[in-house]
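Since the structure comes first, as structure tokens, the remarks are kept for the end.
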There are 2 protein chains.
Amino acid sequence: MQVSLQALKAFEAAARHGSFKAAAEELSLSPTAISHHVQNLESRLSLSLFHRSVRKIQLTQAGKRLADAASRGFRTIEQALEEISLAGRKIQVATTTSFASLVLIPALDDFQRQFPSIAVKVSSGESIENQLYSLPIRFGNTESVAAEDILCRETFDVFGAPSAVPALMSNNALRIALTRWKNPALQAPPIDSWLANNFNLKPDIEFISHDQELIGIQQAVMGKCLVFCSATLSKPFVQGGLLTPVGSHSVDTGYCYYCPDKSHYDSNNNQLFLHWLQALLVA
Amino acid sequence: MQVSLQALKAFEAAARHGSFKAAAEELSLSPTAISHHVQNLESRLSLSLFHRSVRKIQLTQAGKRLADAASRGFRTIEQALEEISLAGRKIQVATTTSFASLVLIPALDDFQRQFPSIAVKVSSGESIENQLYSLPIRFGNTESVAAEDILCRETFDVFGAPSAVPALMSNNALRIALTRWKNPALQAPPIDSWLANNFNLKPDIEFISHDQELIGIQQAVMGKCLVFCSATLSKPFVQGGLLTPVGSHSVDTGYCYYCPDKSHYDSNNNQLFLHWLQALLVA
DNA sequence: ATTATAGATGATTTAAACTCATCTATAATC
DNA sequence: GATTATAGATGAGTTTAAATCATCTATAAT
């Protein structure tokens, strides 16, 4: 067809406003430019798009048809631009409640200090809403995840509140909180392996299960029990003196935190964020 | 958003072909130009649209979304351009069967000789198909039509085949074909007025009615009867010696041929055609 | 190894797009 | 009924944006 898109844009604006002047203002051009563009279109199509009376333009039949299509076409494109440009400006992290509340959100201040212009939104739990263009950070089995997607491998240990540990350990029946993952692909936490590493004789233990590590950790912080959980998740509490490992040997779990298709994340900001997160996790 | 439409066009073609080179060929540009355009887009959106491996590009998530929207958006616009540009290249006249067959089609050769590059299609009768962008030539009452839309005012006369006229006129019972218009807004043809103008004593007359002038005219040409009809429609036959007016006084009818909203016809070709038609009718 | 290919990059050239000055027609104001 | 103001038309001139060219890289195929 050989018509210029800019001419179409100019025409569309003129049609919408019913005025070259107003269209020019919208597009930050001179009315002359709009006039030239419309004439260019008209001559290429060899038909009039506007009826010109003095100080008044009015769409012709063909002009109406084209203006409508151009408006819809440009709108379609603008909406997509709007949508994806959000992904360019804002980071939307989707992860587990435990990782979000215990690691990500507390550390976010540091990220914001380094990159104050980048907005970060963390959504956690099951909420699928607005998954589009979000950056997923998942918890899974190391062997079922591509090596380049892994952010950190998880070691587990048993932790307890320092003030409560002596009492909890001296007790005949140890109470240890475990996590029973909702995800059936994840095997149960290797508490037996940890016990074998830390006790000669397997003590009498009462296990309590929750479906999120967060809950067991909070129980442990409150001194109600010990918790067998991720070193990554407990780290903020250990550093804050609220939890301490009770044994001397942590165990490797085969779990990891990872970002599926990590290399495919297309926004500069997402890449920046992943880089920052990885540094945070290995620290 | 401030992204260039040409960059979007380049990106859309690249996405569709999965290749900058192919996109460049489609748009008659160099692959470099496509590369520049895509980079320009990516930097403005601050995200990647393609994953680049060597000699292979692959859309990112955001790239897919944008490519889809851009394709649909541009297609919408191109379809409208295609549709209306047809109106710019081709003239589609819609008119009555009688006018088309007796006047327009016979004269079309002359138009084609003058403008060989312009295609003309004449559709007649009730067919509404493809009314869009067609140029209507209608038959109606002068007083209900805007003066500037009128192509020619109609005078009526009674005609007969020259060889048959003496016999038909000498007969006691004259047989005259009339038209009873399907359109209820049109009053009956003023045959009484014609009779008053051409006879002192009203003769004995048998009237035959058809809903199209064409039919009465053909009957008259075949010598079966006389016909009271439009001077415009009978002119080709009169000039060809197949019909002759039987009286000396034609009558004005209040009918006219007109083009509704004549001034609004937007294609250069339509205007050219209307000009030619008007010249034809007043000749 | 060698060649060929797709794309990236940066400098240069070209062409398209925008503006400016001028003009016309008309509506509003006095 | 002259005067002013306004929206758009027109054509020449200028500027900016876009395309190309030359060069380079990485890799797949021979």
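Scope of the values below: all heavy atoms of this structure, side chains included, with no hydrogens, waters or symmetry mates. So that the names make sense, note that chain A is the first sequence line, chain B the second, and so on, each numbered from 1.
B:L5 has its CG atom 14 Å from the C1' atom of C:dA17, to the nearest Å. Atom-to-atom, CZ of A:F20 to P of D:dT10 comes out at 10 Å; the value is rounded to the nearest Å. Whole-Å rounding puts the A:K9 NZ to C:dA17 C1' distance at 16 Å. Rounded to an integer number of Å, the gap from B:L29 CG to C:dT13 P is 20 Å. The separation between B:N40 atom CG and D:dA17 atom P is 11 Å, rounded to whole Å. In this structure, A:K56 places its NZ atom 12 Å from C1' of C:dT26, rounding to the nearest Å. At whole-Å resolution of the value, CD1 in A:I34 and C1' in C:dC18 are 10 Å apart. Rounded to whole Å, atom C1' of C:dA17 lies 15 Å from atom CG of A:L8.
Here A:S35 reaches the OP1 or OP2 of D:dA9: one of its side-chain N or O atoms lies under 4.0 Å away. Checking the phosphate oxygens (OP1, OP2) of C:dA17, a side-chain nitrogen or oxygen of A:S4 falls inside 4.0 Å. Note on A:R52: every side-chain N or O is 4.0 Å or more away from OP1 and OP2 of D:dA7. Between D:dA17 and B:Q6, no contact under 4.0 Å exists linking OP1 or OP2 to a side-chain N or O. Residue B:T32 places none of its side-chain N or O atoms closer than 4.0 Å to OP1 or OP2 of D:dT20.
Using N1 to N3 plus N6-O4 or O6-N4 for Watson-Crick, or N1-O2 and O6-N3 for G-U wobble, each under 3.5 Å, C:dA4 pairs with D:dT27. D:dT16 is paired with C:dA15 under the criterion used here, namely a Watson-Crick or G-U wobble arrangement in which both key atom distances are under 3.5 Å.
If you check every strand for non-hydrogen atoms under 4.0 Å, B:H36 touches a base. Residue contacts for B:S53: at a heavy-atom cut-off of 4.0 Å it reaches no nucleic acid atom on any strand shown.
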Worked verdict on A:E83 versus B:R65 for salt bridge (Lys or Arg N to Asp or Glu O under 4.0 Å): CA-CA 9 Å; A:E83 192 182 309; B:R65 172 77 181 88; 3.0 Å; yes
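If you check C:dA6, C:dC18, D:dT10 against the side chain of A:Q39, the one that comes closest is D:dT10. Nearest nucleotide to the A:I57 side chain, out of C:dG7, C:dC18, D:dG8: D:dG8.
Two rings, from A:F273 and A:F115, have their centers 6.0 Å or more apart. Proximity of the aromatic rings of A:Y255 and A:F156 is defined here by a centroid distance below 6.0 angstrom, and this criterion is met. Taking the six-membered ring for Trp and the full ring otherwise, the centers of A:F139 and A:F99 sit at least 6.0 Å from each other. The six-membered or imidazole ring of A:F20 lies away from that of A:F11, with a centre-to-centre distance of 6.0 Å or more.
Comparing A:H37 and B:V54 by the nucleotide of DNA chain C that holds the closest heavy atom to each, the one mapping nearer the 5' end is B:V54.
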